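Report on the structure given below.
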Amino acid sequence: MNIKFITALLCGCTMTGGAWANAQSLPLAIQKARDLCSGISSSMNNMKVKAGINTGVTAVGTVAGGVALGTGIYKAKVDEEIQSLEELIKQLNEMKSEPGFYERIEMSDEKINKLLEEPMEETISKLEKKSITLGNVRTGTLAASTATNVVGTVLAATNKVEEDLEENINNCMIAVKELAQVKLIAKVEDSATDVDMATAEKIVNGCRDYEIVDLKPINKRATGAAVSSGIGIGTGVVGTITSAVANSEDVRKGDYKKEKAINTTANVMAGASTVASATATIFNATQIAAIKKVVVVADSCEEALK
């Protein structure tokens, strides 16, 4: 037998075998990419939804804290009015005890009471009711702000890129790189069908951007939101308790300076709780932005896998 013929036959067999192997490896690489890249989009969308919910929750906490602070400031003004009127009544009573007071003003004690003391006492009574109502509103809204921060902390702490998801993305990237290599070999050897080549091209183009996504900001912002909401819990709890104490009967009927100091503390805690909630809201909003960048890639990849 001719040596050249045998050599050509052997080469032909080798090439045919190689072509057959590549023809089979491209569908396998496509299937591998589909297996490893599927489901990432839904995981990222779930994270986006949870971050959106948390943004709404902490925004409500911010509003509640703001209402508590505004109410507390208004209450402080009402309490000052009460104190001023009580001081006027005290001064009037001191003046009435001075010798010759009634002769100087040519007015009886009964008339003084009718013109001055009774209207002032009636005003004080109305202002005290208003002050109590404002105190209750401040306590209630501080409690609401605290509750939203508790929910916000839980949501933020759990809305992170877990190791499984990160591993899935990494495995997907490896599978897409392998698919790109196998597709290139198949193209050079012309060993794959047009359908498989087009499918591989679509998957590579749709999923390759996983290489440039950055997952770190997602977890950093989740941690920031959790810490901020945690601070809001602390200040909210202290503020709620302090506000309730400030509005109690014993404190209201006690020393005004002590009452004012307790009210001031409650207002400071309301302000701190508002700031903490607002900060958590910002972290949540920026986390959504970071998640969306990954979601765009995940959705594109998921579409390409169909």
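None of these values were measured; they are calculated from a predicted model.
Contact annotation: the side chain of I291 never approaches that of V294 to less than 4.5 Å [non-hydrogen atoms, C-beta and beyond]. The shortest side-chain heavy-atom distance between L165 and I40 falls under the 4.5 Å cut-off. Contact check for L36 versus N168: no side-chain heavy atoms found under the 4.5 Å cut-off. When side chains are defined from C-beta on, D299 does not count as touching M44, because their heavy atoms never get closer than 4.5 Å. In this structure, T199 and R34 have side chains that are in contact, with non-hydrogen atoms separated by less than 4.5 Å. Within the 4.5 Å cutoff, the side chain of V237 has heavy atoms near those of the I241 side chain. In this structure, the side chains of V161 and M47 come closer than 4.5 Å at one or more pairs of heavy atoms. Annotation: side chain of I89 is in contact with side chain of N93 (closest heavy-atom distance under 4.5 Å).
Atom CD of E110 has 12 or fewer heavy atoms from other residues, nucleotides or ligands within 6.0 Å. Environment of CG in D194: sparse, with no more than 12 heavy atoms of neighbouring residues, nucleotides or ligands closer than 6.0 Å. In the displayed structure, K258 atom NZ is contacted under 6.0 Å by at most 12 heavy atoms of other residues, nucleotides or ligands. No more than 12 heavy atoms of other residues, nucleotides or ligands sit less than 6.0 Å from atom CE of M95.
Between C301 and C207, a gap of under 2.5 Å is found separating the two SG atoms.
Using a 3.5 Å distance cut-off with no hydrogens or angles, the side chains of K177 and Y210 do not pair a donor with an acceptor. Checked by atom type, the side-chain pair N136/N247 shows a donor-acceptor distance below 3.5 Å. Judged purely by distance below 3.5 Å, without hydrogens or angles, the side chains of S145 and S273 pair a donor atom with an acceptor atom. In this structure, a donor-acceptor pair under 3.5 Å is present between the side chains of T139 and S243.
Between K260 and D79 there is no salt bridge, since no side-chain nitrogen of the basic residue lies less than 4.0 Å from a carboxylate oxygen of the acidic one. Residues K306 and E303 are paired through a salt bridge, judged by an N-O separation under 4.0 Å between the basic side chain and the carboxylate. Taking 4.0 Å as the cut-off between side-chain N and carboxylate O, E122 and K126 count as a salt-bridged pair.
The backbone N or O of D196 sits less than 3.5 Å from a side-chain atom of T193, completing a donor-acceptor pair. Under the 3.5 Å distance criterion, the side-chain polar atoms of S228 are left unmatched by any main-chain donor or acceptor of T279.
The distance from the CG atom of N113 to the CG atom of D109 is 4.5 Å, given to the nearest 0.5 Å. Taken from CD1 in I218 to CD1 in I288, the straight-line distance is 11.5 Å, to the nearest 0.5 Å.
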Working note: K96 + E117, criterion salt bridge (Lys or Arg N to Asp or Glu O under 4.0 Å); need CA distance, chi angles, decisive distance, verdict. CA-CA 12 Å; K96 283 161 64 174; E117 287 195 47; 2.6 Å; yes

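Pairs of residues two or more places apart, or lying in two chains, never qualify as salt bridge (charged side-chain N to carboxylate O under 4.0 Å, His left out) while including a residue from residues 151-169.
Annotation: side chain to side chain donor-acceptor pair (under 3.5 Å) contacts of N267 (sequence neighbours excluded): R138.
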